[in-house]
Amino acid sequence: MTKSMNSENRTEEKSDEQMDVRLQHCLAYVLHTSGTTGTPKIVRVPHTCIVPNIQHFQVLFEITHEDVLFLASPLTFDPSVVEIFVALSSGASLLIVPTSVKVLPSKLAALLFSHHRVTILQATPTLLRRFGSQLIKSTVLSANTSLRVLALGGEAFPSLTALKSWREVGNKTQIFNVYGITEVSSWATFYRIPEKILNSTLKCELPVQLGFPLLGTVVEVRDTNGFTIQEGIGQVFLGGRYRVCFLDDEVTVPLGTMRATGDFVTVKDGEIFFLGRKDSQIKRHGKRLNVELVQQIAEGLQEVESCAVTWYNQEKLILFMVSKKDLVKDCIFKELQKHLPSHAIPDELVLIDSLPLTSHGKIDVSELNKIYLNYINLKSEWKLNGKDELWEKLQHLWKSVLNFSEDPLKVPNESLFLNSGGDSLKSVRLLSEIENLVGTSVPGLLEIILSSSILEIYNHILQTVFPDENPTFIKNYATKRKLNDVNQEENNGKSLRQESIMSLKCDSEINAFIALSRGSQILSLNTTRFLTTLEHCPSACSSDLISQTNIQNTKSLNPPALIGTSKDPSCIAKVPEEETPVMGAEKMEFRVRWRSDTGKCVDASPLVVIPAVDKSSATVYIGSHSHRMMAVDLYSGKVKWEQTLGDRIESSACVSKCGNFVVVGCYNGLVYVLKSNSGEQYWMFTTEDAVKSSATMDPTTGLLYIGSHDQHAYALDIYKKKCVWKLKCGGTVFSSPCLSLIPHHLYFATLGGLLLAINPATGNRVWEYSCGKPLFSSPQCCLQYICIGCVDGNLLCFTHFGEQVWKFSTNEPIFSSPCTSASEQEIFFGSHDCFIYCCSMKGHLQWKFETTSRVYSTPFAFHNHNRSNEMLLAAASTDGKLWILESKSGQLQSVYQLPGEVFSSPVVWESMLIIGCRNNYVYCLDLLSGKQK
């Protein structure tokens, strides 16, 4: 077995022989890929690449001058080239039909098979389905049809059950599965379905194999490490000595180049079976799911004429169905439950008259999304008939969002959303579904969803929708915890110590260090006398988080070497490269330096602490759903210590003023203070509910501030092991507080939609602003303003005195926290609309960049060391892609695919990017320039 380069643009063994696009008569044609199966590309196709396809199909389909071929593909779709030249080179007839006729199935069928007696049809499965099973059986695949050859390609092949149901008894049409990609134009493999299988009356659930390579084509299946495999699951790579095209701006390409397809297959006994595209593989309810499998199973049901499945907004699995007869949706769901696991059952079934197609004859997913949007808007206009129907529909929505749709049992009254498998994203979806159902916003509902039983949720909705109805008896099932300090009585925002808080006495040795956390937040403490020993300093400096005495010193340091070879390569741990650099952006490249297994999903963001005395002992602190808090050596990936806490950790760690402690919140309501060098528990502070908020430290006093789901903000003196003040915030505190030193304000945001400015010394409110919708985003402050994202899709900007300056609107909720540039002239953030945005401090859009999924995490701005005047931006989308953009223009510099979803935010130091992933690992990746690849 030989190892292949894990890249779509490279050969397994680089050939000295090159194909050159500049040579006269090299190119046959140029076209654009549609983008339906990946990033759109310009493909320039040499004669030597496409001619073998034409020659092989002539022989394979036994084309003669008596044949009639239908030009089913538009000229923008490369199979049209095969159709045209197979006909012309064989003396056969080529039938060209106006588009106005193509969209009318019955008229098209009559034209093809009655008037012109078409013998060869090459089409997408979706185009065939448009005829409908009855017309296919009576005309296209009838016993006396003119059609000799039906070649289906461009999409997943239909199930054999569906295919056999389309054939009339006595039909003799040869049916082929053809497969290929435009980047190796046009087809690569073929497989003829045996007559024995087509004529069998037995139900067949077996998939159809891809078959055999076409003339001049090489097919390889490689595992995640780039090795070719003979058995198992891997990705298809296509090529051949002369089966080579030029992509985008390529001028020369080595002969024999192999291209990654993005298609995954399983190899069994030498046969290759299609599993689905990489972008059809989704993670739903913690399990991997191939969307195309759901479509194939649904298509095999007797009641289904044709269907399509979409992953709407990456949160809902929607089955669109053209039915053969009137049916009850529940019957379809029951049938699906017989063939699919629970995590593959669609959230909703939408009946449609016909499947929308693209110009290439494939399913038009964007049009299906519009259909679904109209469907839910129509649903929102339905009127509720009293509180009984509300209770029934609330139960249905609850089960649907949590994927319990097939469970016939009633949801117990005391059920809690988070304990039933819910999370913050699902809670927003449930909120949206409920407000669509009742046709109005329900103030405070999100917090009730996150903290109360379904019965309490129902009663809360009742008070808004049916205010005259008597609420059902409410029992508080949520267990509340007791505070551990007897002097922590609620004081309505007043400080439990009325005197001003001065510098705390640290009862331990003071260390000099720099700490980096998400959103380019820097904390530089006690470093003045060590500045000459620090080679690097963070490139983006938030003056709000840096001690006033050190701001100028920190900003005057050289920016970090963010692009380059990290030092001490001998200690880099070797890891299996199941992660994939996504090629196309040639300027930089990611390379895994190390990864560390935390046991479960890592949603927290890393804290990186760099000691001033010994930079090589820099440490990454991060926790995970496994309850484990870990300290990992930044350079080697070696675990320094590990501490198991009482519950799940989503809070990101914060370092104490002295550097001897890290502070982290936990789902069990505790705030843990751990010794930074050993993980030993130093102190635990108890709140009354889960702590997902991350702490912020005040460098002028050493106090730590943190929020809780118990709706309080806390100021903690970890050295005296006491709570200095607590404040009831009027809503659950999910996000992390932000500290401004000038003016000395502390900012908290709540899921009730309140943004609060608090006096850090006393805990008194300075001002508050109601945004009207939940705030999952953490506030970010700079010298002039405070910014925050809202679930209504707006980024809001305020002065430090509470006056709204501007708002910028996106199309979907903003969970991402804002990040400012070093100059504080730009602000960066992500949205659920899949875009990363850059706005000026006046609220004007500078640029936006479209990713491939929602952006939940917070971007990180940093310097490109190779071009010291260039600022870069690191960001992550939830599908696991890491993006490096040029911060001034938004131009893509590099993209990298991690093997799991990402809700963690990146942190960058030197040449290293650190981030958590939902595949249970925390990653450290080196970012290399083109010269160092």
Please report the C-alpha distance between Thr139 and Thr145 in whole Å, then the side-chain angles of each, then the deciding distance to 0.1 Å, and finally whether the side-chain contact (heavy atoms from CB on, under 4.5 Å) criterion is met. CA-CA 6 Å; Thr139 306; Thr145 183; over 6 Å; no
Under the side-chain contact (heavy atoms from CB on, under 4.5 Å) rule, what do Lys137 and Glu168 come out as? Steps first, then yes or no, please. CA-CA 5 Å; Lys137 196 167 189 174; Glu168 189 176 57; 4.1 Å; yes
Kindly assign one of parallel, tilted or perpendicular to the pair His832 and Tyr856, based on the angle between their ring planes and the thresholds 30° and 60°. tilted
Do His116 and Phe70 have their ring centres less than 6.0 Å from each other? no
So, Arg167 versus Asn199: side-chain donor-acceptor pair below 3.5 Å or not? yes
Would you say Phe57 and Ile120 make side-chain contact, with heavy atoms under 4.5 Å? no
Lys NZ or Arg CZ of Arg148 over Phe61 ring: under 6.0 Å, within 45°: no
Using a 4.5 Å cut-off on heavy atoms from C-beta on, say whether the side chain of Gln296 contacts that of Pro158. no
Under 3.5 Å donor-acceptor, Ser73 side chain and Pro79 backbone: no
Charged N to carboxylate O under 4.0 angstrom, Lys268 versus Glu271? no
Look at Lys41 together with Glu183 and state whether they make a salt bridge at an N to O cut-off of under 4.0 Å. yes
Distance (rounded to the nearest 0.5 Å) between Ile457 CD1 and Leu430 CG: 6.5 Å
Mind telling me whether Tyr372 and Phe320 have parallel, tilted or perpendicular rings, with 30° and 60° as the class edges? perpendicular
In Å, rounded to the nearest 0.5 Å, how long is the span from CD of Glu195 to NZ of Lys172? 6.5 Å
Should the pair Arg854-Glu812 be classified as a salt bridge under the 4.0 Å nitrogen-to-oxygen rule? no
Ring-plane angle category for Phe176 and Phe190, please: parallel below 30°, perpendicular beyond 60°, tilted otherwise. tilted
In terms of the angle between their ring planes, are Trp398 and Phe417 parallel, tilted or perpendicular, with boundaries placed at 30° and 60°? perpendicular
Measure the spacing between CD1 of Ile96 and CG of Leu69 and express it to the nearest 0.5 Å. 11.5 Å
Closer than 3.5 angstrom, by distance alone: can the side chain of Thr217 be matched with the main-chain N or O of Pro213 as a donor-acceptor pair? no
Value rounded to 0.5 Å, distance of CG in Leu75 from CD in Glu83: 9.5 Å
If you round to the nearest 0.5 Å, how far is CG of Asn53 from CG of Leu214? 5.5 Å
Validation row: Lys316, Trp311 side chains within 4.5 angstrom (heavy atoms): no
Any side-chain heavy-atom pair from Asp269 and Glu231 closer than 4.5 angstrom? yes
Test side-chain contact (heavy atoms from CB on, under 4.5 Å) applied to Gln122 and Val86, step by step: CA-CA 11 Å; Gln122 175 188 276; Val86 163; over 6 Å; no
Quick one: does Asp364's side chain have a donor or acceptor within less than 3.5 Å of a partner on Thr358's backbone? no
